[in-house]
There are 2 protein chains.
Amino acid sequence: MKLDRIDIKILYELQKNGRITNVELAELVHLSPSPCLMRVKRLQSEGYIEGYSAQINIGKLGQTLTVFTEITLKNHRQVDFARFLAIVEKIDQVIECHLVSGGYDYLMKFVTAGIAEYQTIMERLTDMDIGIDKYFSFVVLKSPIVKAHMPLPSLFPR
Amino acid sequence: MKLDRIDIKILYELQKNGRITNVELAELVHLSPSPCLMRVKRLQSEGYIEGYSAQINIGKLGQTLTVFTEITLKNHRQVDFARFLAIVEKIDQVIECHLVSGGYDYLMKFVTAGIAEYQTIMERLTDMDIGIDKYFSFVVLKSPIVKAHMPLPSLFPR
DNA sequence: ACCGAAGCAGAATTTTATTCCGTACGTCCG
DNA sequence: CGGACGTACGGAATAAAATTCTGCTTCGGT
């Protein structure tokens, strides 16, 4: 299924405001409510929209610590990656895990209650003999930019 | 203003499904619709909820490239950081920018149309004499884990 | 130019959000 | 210890929104 300019606009607007009403969205994309809703449903059912989420100001809830971690595995067979992922998938504090090129295998993002909890998690991971060769931690001091939306206009201009 | 257990539950549920109806949310947190809605509005107006966003499967739209970049500045006065941020804030492809401890100053996340666009952006940034000493790029090959929600239950148990 | 399919607008219906009001509970002060 | 006030709740009524349905228009293919 191919997306036209209106679909891209819908995705862009829903990224900026996931709770916009269908009527307002319809006005923004210059459609009446019914075809607009039809497109949104289609975008959902075909997987272009994976879900909706509230953005929480986690800092207001209490002290938290965000850490980026570069990880290198000892071996690089498929089974080694699979075993590693199977474990980290179960850890709530793992927010992102990226397979990257350049010096390390994985770049991960943790959100924890503090340095102690992070330390505990990393000790558990290394002790488990899950195949971690070495890792390096970047503790986040401040996050001046955190966007919830992708640059759709840059990626798909017109 | 202090949050009780119900507020935390509301935040958690809205993270998982930002478009849940107020009636369903009320049932999940064992309240009737009206006080539930009142709490949601309060969480919004007091900044605990910063907004709502649709999660887009960007990979289905076309080819994109995600890159994490470690950046070190030449100088570390307040004015140096401020100048750097003022520039990168304007770049649509910059999704995140974190001030980190450990080897580098900033860890940034870019989403671009491809390696060429990324290259162009980095050339522009380095040519600008914006104070970048050196940088190192991690090209993302795959992102097995990308969560839209923070681990609220781990951070605020009970 | 005709036929068929697809997408649209507008109205009707159903569902949901929102407001309003009366009640209960907890707290503070007399 | 008791009363009054403030806060939060539940339920009903109203307003708004989503959703469905119908008929029309446009576009593509023959």
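Letters go in sequence order (proteins before strands), and every chain restarts at 1.
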Whichever of Ser34(B) and Leu31(A) has the more 5' nearest nucleotide on DNA chain C, that residue is Leu31(A)
Please give, in whole Å, the distance from dC27(D) P to Asp4(A) CG? 14 Å
How is Thr21(A) classified with respect to the nucleic acid when contacts are heavy atoms under 4.0 Å: base, sugar-phosphate, or nothing? sugar-phosphate
Return the minimal non-hydrogen interatomic distance between Gly102(A) and Phe138(B), and the atom names on each side. O-CE2, 2.8 Å
Among Tyr104(B), Tyr135(B), Phe81(B), the one residue meeting side-chain contact (heavy atoms from CB on, under 4.5 Å) with Leu73(B): Phe81(B)
Please state how far atom CG in Asn22(B) lies from atom P in dC9(D), giving the value in whole angstrom units. 13 Å
Atom-pair distance (CE on Met38(B); C1' on dA8(D)), nearest Å: 6 Å
DNA chain C nearest-nucleotide lookup for Val23(B) and Ile6(A): closer to the 5′ end is Ile6(A)
Specify the separation, in whole Å, of atom CD of Glu24(B) and atom C1' of dA17(D). 15 Å
Can you see if the side chain of Lys41(B) gets near the phosphate of dA17(C) - specifically, an N or O under 4.0 Å from OP1 or OP2? no
Distance, rounded to the nearest Å, where His30(A) contributes NE2 and dA9(C) contributes C1': 16 Å
Pairing residues for His149(B) by the ring-ring contact (aromatic ring centres under 6.0 Å, His included) criterion, not counting sequence neighbours: none
Whole angstrom is fine here: how far is it from CG in Leu37(B) over to P in dA8(D)? 15 Å
What nucleic acid atoms does Arg39(B) come within less than 4.0 Å of, heavy atoms only: base, sugar-phosphate, or nothing? sugar-phosphate
When rounded to whole Å, the CZ to C1' distance for the pair Arg19(B) and dA17(C) reads 14 Å
SB check Asp105(A) Lys74(A) (cutoff 4.0 Å): no
Separation of atom CD1 in Ile20(A) from atom C1' in dA16(D), rounded to whole Å: 15 Å
